[in-house]
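Let me begin by presenting the structure, written as structure tokens, before commenting on it.
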Amino acid sequence: MSVWVEGSVIENIHWTENLFSLRIDAPIEKFKAGQFTSLGLDFEGERIARPYSFLNAPGQQPIEFFFYTAIDGVLSNAMTNLKFGDKIFVKRKANGFFTLEEVPDGKTLWLLATGTGVAPYFSMLETEEPWERFKKIVLVHAVRKAEDLRYQNLVNKFSSTYHDRFIFKAFVSRESSATALPGRIPAAITDGLLEKSVGIKLSAENSQLMLCGNPDMITDSIAALKTKGLKKHRRRDPGQITVEKYW
Ligand SMILES: NC(=O)c1ccc[n+]([C@@H]2O[C@H](COP(=O)([O-])OP(=O)(O)OC[C@H]3O[C@@H](n4cnc5c(N)ncnc54)[C@H](OP(=O)(O)O)[C@@H]3O)[C@@H](O)[C@H]2O)c1
């Protein structure tokens, strides 16, 4: 059986100059929320492909992906121009361990993301599992500009379904925003701004965290969380932090 299936573009949504999403109909195998597949296009007979996390919930069609157009990215630049009905290759089988089954139980689940790294969390939040396992869920989305805060319809849906069990916090770092916190996630962990604005303490006893996106955010956040007694989770050495670096 071929590794690749041919998908058909259902919609290409251009959110901003650099952010877009693709909705694709593709006969893939079932995946777990938080996993990624590869998307590919052929250029002069050669397939260029890259891994991307699913934004949609398992079992949903069309499948959906959230992208940043890298300035020199051949694939992402070609993908921004795809239109309804265009073909794109999708790996049949998903991969990855950034899933809730890798996260130990806890009272509060913190989902921290920069940029397009928020995608796997929307997939997870559309499933029952986090709501059955955690009392509270905090979604933190850090972006450069307020216009980069996309998928607010999903954020509003989780708020109206789960009320005070769901808390959303945005960080906007490169302009002032009336509704978002300023600066970066690691600094806000260190100086207590994040805990204060959410109203929940970060602790090794009660918290589980997932970090996704900019690799420097992940490194700096782990360092900040260490000073509060939290550490990376490993199957053989349980902790509180599970990570996925995006590039
Ligand atoms: N290859 C990929 O898969 C991929 C995906 C997305 C983005 N990117 C790359 O990321 C760049 C822009 O994308 P973007 O705006 O989504 O992402 P970004 O530069 O990572 O910015 C998103 C947020 O992360 C913050 N941030 C940056 N470094 C941090 C650190 N060390 N600790 C904590 N927070 C940090 C930024 O704050 P500041 O404003 O203070 O920097 C900003 O608020 C481009 O160069 C693009 O190529 C690559």
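Model, not experiment: these values are computed from the prediction. In each ligand, atom 1 is the first atom listed, and ligand 1 is the first ligand listed.
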Inset, instruction - Decide whether an N or O pair under 3.5 Å exists between N214 and ligand 1. - result: yes
Inset, instruction - Tell me whether the centres of the aromatic rings in F166 and F158 are closer together than 6.0 Å. - result: yes
Inset, instruction - Please find out if less than 6.0 Å separates the ring center of Y151 from that of W15. - result: yes
Legend entry - Heteroatom proximity flag, W247 to ligand 1, N/O under 3.5 Å: no
Inset, instruction - For the residue pair F20 and F67, categorise the inter-ring angle as parallel (less than 30°), tilted (30 to 60°) or perpendicular (more than 60°). - result: parallel
Inset, instruction - Could you tell me how the ring of F65 sits relative to the ring of F54: parallel (under 30°), tilted (30 to 60°) or perpendicular (over 60°)? - result: tilted
Inset, instruction - Report yes or no: does D220 have a heavy atom closer than 4.0 Å to ligand 1? - result: yes
Inset, instruction - Decide whether an N or O pair under 3.5 Å exists between D148 and ligand 1. - result: no
Inset, instruction - Heavy-atom distances under 4.0 Å are what count here, so tell me which part of M217 touches ligand 1: side chain, backbone, both or neither. - result: both
Legend entry - Within reach of ligand 1, part of Y68 (heavy-atom separation under 4.0 Å): side chain
Legend entry - Charged tip of R47 within 45° of F89 ring normal and under 6.0 Å: yes
Inset, instruction - Heavy-atom distances under 4.0 Å are what count here, so tell me which part of V172 touches ligand 1: side chain, backbone, both or neither. - result: neither
